[in-house]
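Taking it in order: structure first as structure tokens, then the write-up.
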There are 2 protein chains.
Amino acid sequence: MFTPQPTTTARRSPLSREEVLHAAIRLADEGGIAELTMRKLADKLGIQAMSLYHHVANKDELLDAMVDAVFREIEVVTENAPWKPAMRQRAVSARQTLLRHAWALGMMESRANPGQATLECHDAVLGCLRRAGFSVALAAHAFSVLDSYIYGFVLQELNLPFQNPDDLQRVSGSILQNLPADTYPHLMEMMTAHVSQPGYAYADEFMFGLDLILDGLEQALGVRTQPDGCVALTGSG
Amino acid sequence: MFTPQPTTTARRSPLSREEVLHAAIRLADEGGIAELTMRKLADKLGIQAMSLYHHVANKDELLDAMVDAVFREIEVVTENAPWKPAMRQRAVSARQTLLRHAWALGMMESRANPGQATLECHDAVLGCLRRAGFSVALAAHAFSVLDSYIYGFVLQELNLPFQNPDDLQRVSGSILQNLPADTYPHLMEMMTAHVSQPGYAYADEFMFGLDLILDGLEQALGVRTQPDGCVALTGSG
DNA sequence: AAGGTAGGGCTTACGGCGTAAGTCTGTCAA
DNA sequence: TTGACAGACTTACGCCGTAAGCCCTACCTT
């Protein structure tokens with residue numbers, strides 16, 4: 001009753017696919033991926049659920065586009081930069097981006113349709129490595145090990161039951177109390193002697209592993225490039 | 001009509017929580033995690049959906065238990081074994097297990113309630129490292145970098161649009177045809193000159209990165225253990 | 001100016017989901 | 001014999017994604 005379409009003209013302004021995409025990302029950032037339903041997304045945009053389907057084919061396509069948008073946020077500075085700081089900086093940026101959009105990693109597992117930004121990102125990384133003298137095979141190795149590390153680290157970081165050092169103190173304290181002391185002795189030692197110390201933050205572990213990998217790649221590169229290598233440690237098995 | 005409860009006695013046999021758990025894992029293994037619904041799981045067990053709630057509190061608890069069951073499958077052989085082959089073997093086993101249960105990784109992101117098997121697995125790894133002379137801090141570093149790598153590698157592996165070399169040939173071929181040749185030149189080079197070559201399998205990349213990390217850890221350990229170290233390459237920042 | 005078209009809203013409806021709440025029945029201890 | 005209880009079943013609710021179709025209005029053509 002009372003014919004509720006006076007707002008039609010006002011609402012009729014824009015609403016592009018881009019807006020839908022960004023609203024979806026904002027919704028997932030704020031409430032987790034489970035909060036992202038077509039109805040709630042429509043609500044947030046002030047329209048009905050079915051109207052979304054004028055802008056995206058279906059929810060799956062929307063999710064694909066969201067993942068690609070995340071890749072677009074990762075900074076890849078490769079112009080004339082030495083490969084090691086470039087890769088280091090990209091790893092840091094990738095980690096920050098994936099933490100900012102905690103839902104993104106979990107979605108990568110299930111969708112195999114890389115978007116344009118994803119491909120561009122990968123191409124830039126490979127280009128940086130090739131320009132630095134990596135063989136095609138070594139570039140593939142480097143790409144694989146670096147991305148695996150980044151994704152895996154963030155996956156573990158997201159899996160932690162705390163997001164900041166204060167949480168950590170509280171959580172580890174409560175775990176310590178609830179567990180019989182000798183069931184997991186080494187886990188216990190790790191918590192009491194290391195993790196629960198003031199100043200510890202799991203995020204700091206990122207740089208250790210990243211530099212370990214970059215140094216390893218540098219050696220692998222050097223073994224090929226300068227054959228006087230007194231350090232040839234790669235490959236143990 | 002014809003009062004359909006004659007089977008009551010026959011059906012009344014067991015159905016323990018264990019059976020529910022394993023049926024759930026089998027269902028998820030076969031059809032993906034989306035196929036695992038309480039109704040379908042009940043169907044498979046020959047009961048009604050609501051009867052499952054006598055054995056699990058809710059679906060979330062079931063998912064937690066499933067993840068823990070996956071950790072139980074990872075072989076951790078640390079008894080009197082040198083740390084390097086022990087960690088290597090555990091990494092291989094973890095990768096195989098996570099590939100066998102492709103749904104497990106995607107679930108880890110969202111649940112922060114480690115089960116008994118999970119904690120045992122972590123404790124065994126830490127124990128192995130500590131016995132080998134790793135300091136608490138270095139053991140934490142090692143644990144972080146190894147698990148990050150394993151999880152991330154499997155995540156990428158699952159993300160690939162192919163599961164075996166034959167698929168790869170076909171997929172990379174079709175991508176090559178559909179793309180303008182100069183949009184992603186380095187990606188293109190990687191595919192034509194390396195990935196699409198006979199004998200290439202992404203799975204083989206796993207060992208390169210794994211050994212790179214293990215060698216890096218060995219150096220980090222050596223720098224502390226034997227102070228004559230002419231090789232001190234860790235940390236570049 | 002008049003009319004046609006189509007973009008982008010809206011409504012209705014369907015089958016599937018997790019699960020709250022309650023019922024029925026066979027088994028076993030007292 | 002009886003009463004409690006474990007473990008099945010039934011019903012129902014409010015979510016979900018989306019198929020199908022309607023209808024208004026801005027714009028383009030004539």
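Chain A is the first sequence line, chain B the second, and so forth, proteins listed ahead of strands; every chain is numbered from 1. For the numbers below, each heavy atom of this structure counts, side chains included, while hydrogens, waters and symmetry mates do not.
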Query raised in the report: Is the shortest distance from a Lys or Arg side-chain nitrogen in Lys44(B) or Glu35(B) to a carboxylate oxygen in the other one below 4.0 Å?
Result: no
Requested in this report: Mind calculating the distance between CD1 (Ile47(B)) and P (dT19(C)) to the nearest angstrom?
Outcome: 15 Å
Report task. Mark yes or no for a side-chain to base donor-acceptor pair under 3.5 Å between His54(A) and dG9(C), with no hydrogen or angle criteria applied. Result -> yes
Query raised in the report: Is a salt bridge present between Asp123(A) and Arg130(A), judged by a nitrogen-to-oxygen distance below 4.0 Å?
Result: no
Query raised in the report: Which nucleotide sits closest to the side chain of Met50(B): dC9(D), dG9(C), dT18(D)?
Result: dC9(D)
**Report entry** Between P of dT19(C) and CG of Leu36(B), the distance in whole Å
**Finding:** 11 Å
Report summary line: Rounded to whole Å, the CG-C1' distance (Asp43(A) to dC15(D)) equals 13 Å
Query - Proximity of Tyr184(A) and His122(B) rings by center, below 6.0 Å - result: no
Requested in this report: To the nearest Å, give me how far apart NZ (Lys59(B)) and C1' (dA20(C)) are.
Outcome: 17 Å
Report summary line: Which of dA8(D), dC16(D), dT18(D) is nearest the side chain of Lys40(A)? It is dC16(D)
Query - Nearest-nucleotide pick for Tyr53(B), side chain only, options being dA20(C), dC16(D), dG18(C) - result: dG18(C)
Query - Separation of atom CG in Leu52(A) from atom P in dT11(C), rounded to whole Å - result: 14 Å
Requested in this report: Name the nucleic acid region contacted by Ser51(B), choosing base, sugar-phosphate or nothing; use a 4.0 angstrom heavy-atom cut-off, strictly under.
Outcome: base
Query raised in the report: 5'-most contact on DNA chain D: Ala57(A) or Glu35(A), nearest heavy atom basis?
Result: Glu35(A)
Query raised in the report: Which listed nucleotide (dG17(D), dT19(C), dA8(D)) is nearest to the side chain of Met38(A)?
Result: dG17(D)
Requested in this report: Report yes or no: is there a donor-acceptor pair, N or O only, under 3.5 Å between the side chain of Arg39(B) and the base of dG18(C)?
Outcome: yes
Requested in this report: Of all the heavy-atom pairs spanning Leu187(B) and Leu126(A), show the shortest one and how long it is.
Outcome: CD1-CD1, 3.5 Å
Requested in this report: Give the rounded distance in Å between these two atoms: CD1 of Ile33(A) and P of dG17(D).
Outcome: 11 Å
Query raised in the report: Under the 6.0 Å and 45° cation-pi test, does Arg95(B) pair with Phe153(B)?
Result: no
Query raised in the report: dC24(C) C1' sits how many Å from Gln48(B) CD, rounded?
Result: 14 Å
**Report entry** Distance, rounded to the nearest Å, where Leu62(A) contributes CG and dT18(D) contributes C1'
**Finding:** 14 Å
